[in-house]
Amino acid sequence: MDLFGEAAPPRDIRGVIVHPGLLDRAAQEALVRDVRTLVEAAPLFRPETRRGQKMSVRMTSAGSVGWVSDRRGYRYEPQHPAGVPWPAIPRSVLAIWDEVAGVDRQPDTCLVNFYDADAKMGMHQDRDEADLRWPVVSISLGDEALFRIGNEERGGRTQSLWLRSGDVAVLGGEGRMLHHGIDRIRAGSSDLLAGGGRLNLTLRVAGA
DNA sequence: GAGTAACT
DNA sequence: ATGT
């Protein structure tokens, strides 16, 4: 099986490297099976911001820590909000990191974000990690998503691109601290997930 | 579509 | 301010 037969050369958007079609259909289906198992152990929840507003995405995590947000702010926690440990990061997911991250260290957390047709994610930076030099790897599964990439400072010019199922993006080097977000989901654009929607897997090194 | 601001 |  050709897990990493790239359909097109990687693209560099302001230091964010996007590998279009890195994952073939079989690899995508295997990932979805692993994520379903993961979500059975650590159910999706809807986080809220510090001001108590519900986010539109539902999320969970795998790894030694998981990202959470509530009125106390953003942080990595060793347990799911329900009080259970996060499940292990699936090997199928770690293999993708090994392929594209380009560093001699494994991630210690995998954030699982589920976007329904109406879900969005505002522009933000990934900055809750102890060492911001490690790259971030983002895997897209299911419906297409309009991804916006901005600047290190808030505001200014941005570039948007559609992320498709099987695409893998790496935020490293110059791209690591850029603001980014998801503006829109193109409902019905993929049949990978039976109920529709988009799964995004974000691999990070959270600890020191 | 993209950038800014107001508001909660 | 990972909000609308």
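Chain letters run A, B, ... following the sequence lines, proteins first, then strands; residues in each count from 1.
- Checking the phosphate oxygens (OP1, OP2) of dG3(C), no side-chain nitrogen or oxygen of Ser56(A) falls inside 4.0 Å.
- For dG1(B), neither phosphate oxygen OP1 nor OP2 lies less than 4.0 angstrom from any side-chain nitrogen or oxygen of Arg148(A).
- Here dA1(C) presents its P atom at 15 Å from CG of Asp126(A), a figure rounded to the nearest Å.
- As rounded to whole Å, 17 Å separates atom C1' of dA1(C) from atom NZ of Lys54(A).
- Within the 4.0 angstrom heavy-atom criterion, no nucleotide atom of any strand lies near Glu48(A).
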* Which dot-bracket string fits DNA chain B when only Watson-Crick or G-U wobble pairs with both atom distances under 3.5 Å count, crossing pairs get [ ], and | stands for a partner on a different strand? -> .....|||
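- The pair Arg91(A)-Asp98(A) does not count as a salt bridge, with every side-chain nitrogen at least 4.0 angstrom from each carboxylate oxygen.
- Gln159(A) places its CD atom 14 Å from the C1' atom of dG3(B), with the value rounded to the nearest Å.
- If you check every strand for non-hydrogen atoms under 4.0 Å, Gly156(A) touches sugar and phosphate atoms only.
- Taking 4.0 Å as the cut-off between side-chain N and carboxylate O, Arg184(A) and Asp143(A) do not count as a salt-bridged pair.
- The one candidate from Ile17(A), Asp167(A), Leu161(A) that meets the side-chain contact (heavy atoms from CB on, under 4.5 Å) condition with Arg11(A) is Leu161(A).
- The side chain of Met55(A) lies closest to dG3(C) when the candidates are dT8(B), dG3(C), dA2(B).
- Counting only distance, with no hydrogens or angles, the side chain of Gln125(A) and the backbone of Glu152(A) share a donor-acceptor pair below 3.5 Å.
- Closest approach to the Thr158(A) side chain among dA2(B), dG3(B), dA1(C) is made by dG3(B) (side chain taken as heavy atoms from C-beta onward).
- Residue contacts for Arg154(A): at a heavy-atom cut-off of 4.0 Å it reaches the sugar-phosphate backbone alone, with no base atom in range.
- At whole-Å resolution of the value, CG in Leu146(A) and C1' in dG1(B) are 9 Å apart.
- A salt bridge links Glu29(A) to Arg25(A): at least one charged side-chain nitrogen sits closer than 4.0 Å to a carboxylate oxygen.
- Screening Asn113(A), Asp126(A), Asn200(A) for a side-chain hydrogen bond (donor to acceptor under 3.5 Å, both in side chains) involving Ser138(A) leaves a single residue, Asn200(A).
- Residue Arg184(A) has a polar side-chain atom (N or O) positioned under 4.0 Å from OP1 or OP2 of dG1(B).
- Between the NE2 atom of His124(A) and the P atom of dT4(C) there is a distance of 14 Å, given to the nearest Å.
- Straight-line distance from the CE atom of Met123(A) to the P atom of dT4(C): 15 Å, rounded to whole Å.
- Here dT4(B) presents its C1' atom at 14 Å from CG of Asp183(A), a figure rounded to the nearest Å.
- Taking each heavy atom of Ala208(A) and Ala130(A) in turn, the nearest pair found is N-CB, 3.7 Å.
- Closest contact between the side chain of Arg157(A) and the listed nucleotides dA1(C), dG3(C), dG3(B) involves dG3(B).
- Using a cutoff of 4.0 Å between basic side-chain nitrogens and carboxylate oxygens, Arg176(A) and Glu129(A) are scored as salt-bridged.
- dA2(B) atom P lies 16 Å from atom NZ of Lys120(A), rounded to whole Å.
- Among the protein residues, Asn151(A) comes within range of no part of the nucleic acid, since none of its heavy atoms lies under 4.0 Å from any strand.
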